[in-house]
Amino acid sequence: MWVVLGVPELETNTTVSPKVLDALAARALGVVAGLGGVALIVISYQRQNGEKKRLFAERYATAVAQLGDESPAVRLGGVYSLASLADDAPDPGLRQTCVGVLCSYLRTPVPDSLPQGSSEEQQYDHHARVVEHASMREVRLAIVRTISQRLRTPSPWRECDFDFSRVVFEGEAGFESAVFNGRADFSGAVFEERVWFQEAIFSGGG
């Protein structure tokens, strides 16, 4: 400490002059003040980061609730809320969470064909599922457009993983010039209409 503080060499006698003590005290206080300032900065950053994650959690819960609403219009709002949340995510892990929810929605299975000899109740339930699935078609198309737009332009979305396995792409999908730096899984995917992959880059595996 004596060397670090740069205090001049003291006299060899056992008496320390007031001048030297003052210099030592001033420099020691400077070191303590500096360390205290660093500590305050760290604490402030941690509090700010914690506040960001708290706000993220609140927005995430709202967006997921919207995506599960009965109304197609509300679900559509949930898609854009999740996309905006992914854009503002404070870290890559939280962004991946939003992307994962959108991909999961795309994997909603298409209702199976109604078997022969089904009861009236089964027919009614099947019809209800078909109608609901059709009513949410625009929501699924909006998710595909949202993802492809983010991947065609420089954005943090390019670093995410995309699980499109078993997804039925019901409309045209434009992945031209898209960049997948994360894992992209299209195994078992079905494209009912045209899809473009010209100049797309897959560097994260599949």
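One is the number of the first residue; the rest follow in order along the sequence.
Residues Leu141 and Val139 are members of separate hydrophobic clusters, defined by side-chain heavy-atom contacts under 4.5 angstrom among Ile, Leu, Val, Met, Phe, Trp and Tyr. Val101 and Leu151 fall within the same hydrophobic cluster, defined by Ile, Leu, Val, Met, Phe, Trp and Tyr side-chain heavy atoms under 4.5 Å apart, directly or through other members. Following chains of ILVMFWY side-chain contacts shorter than 4.5 Å, one can reach Tyr105 starting from Leu94, so the two form part of one hydrophobic cluster. A continuous path of ILVMFWY side-chain contacts below 4.5 Å connects Phe202 to Phe175, so both sit in one hydrophobic cluster. Hydrophobic clustering, with ILVMFWY side chains joined whenever heavy atoms are under 4.5 angstrom apart, groups Met136 together with Leu106.
No side-chain donor-acceptor contact under 3.5 Å links Asp69 and Ser71.
Shown here for Ser165 and Arg107, the closest heavy-atom pair between the two residues is O-CD, 3.0 Å.
A donor-acceptor pair under 3.5 Å is formed between the side chain of Arg152 and the backbone N or O of Gly174. Under the 3.5 Å distance criterion, the side-chain polar atoms of Ser155 are matched with a main-chain donor or acceptor of Arg150. At distances below 3.5 Å, not a single donor-acceptor pair connects side-chain atoms of Ser84 with backbone N or O atoms of Tyr80.
More than 12 heavy atoms of other residues, nucleotides or ligands shown are found within 6.0 angstrom of CD on Gln198. Atom CD of Glu176 is surrounded by more than 12 heavy atoms from other residues, nucleotides or ligands within 6.0 Å.
A distance of 9.5 Å separates SG in Cys103 from CG in Asp161, rounded to the nearest 0.5 Å. Expressed to the nearest 0.5 Å, how far CD of Glu172 lies from CD of Glu193 amounts to 5.5 Å. To the nearest 0.5 angstrom, Glu70 atom CD is 8.0 Å from Arg75 atom CZ. If you take CZ on Arg158 and SG on Cys160, they are separated by 12.0 Å, rounding to the nearest 0.5 Å.
The aromatic rings of Phe191 and Phe197 sit perpendicular, their planes meeting at an angle over 60°, well past the 30° parallel limit.
By the 4.5 Å heavy-atom criterion applied to side chains, Asp87 and Trp157 are counted as neighbours. For the pair Thr146 and Ile143, the minimum side-chain heavy-atom distance is 4.5 Å or more. Looking at Phe180 and Ser203, their side chains never come closer than 4.5 Å, going by heavy atoms from C-beta outward. Contact check for Phe164 versus Asp185: no side-chain heavy atoms found under the 4.5 Å cut-off. Glu138 is not listed as a side-chain neighbour of Pro72, based on a closest heavy-atom distance of 4.5 Å or more. Residues Val168 and Glu192 are in side-chain contact: their nearest non-hydrogen atoms beyond the backbone lie under 4.5 Å apart. Contact of the Arg140 side chain with the Glu170 side chain is registered, since non-hydrogen atoms from C-beta on lie closer than 4.5 Å. At a threshold of 4.5 Å between non-hydrogen side-chain atoms, the residues Lys52 and Leu55 do not count as touching.
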When the side chains of residues 56-68 are checked against the rest of the protein, which donor-acceptor pairs come out under 3.5 Å, sequence neighbours left out?
{"from": "Glu58", "atom 1": "OE2", "to": "Arg54", "atom 2": "NH1", "distance (Å)": "2.5"}
{"from": "Thr62", "atom 1": "OG1", "to": "Glu58", "atom 2": "O", "distance (Å)": "3.1"}
{"from": "Gln66", "atom 1": "OE1", "to": "Ser81", "atom 2": "OG", "distance (Å)": "3.1"}

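Ring centers of Phe162 and Phe186: at least 6.0 Å apart, outside the cut-off.
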*For the pair Arg95 and Asp88, evaluate salt bridge (Lys or Arg N to Asp or Glu O under 4.0 Å) and give the outcome as yes or no after the intermediate values.*
CA-CA 8 Å; Arg95 181 175 300 107; Asp88 301 336; over 6 Å; no
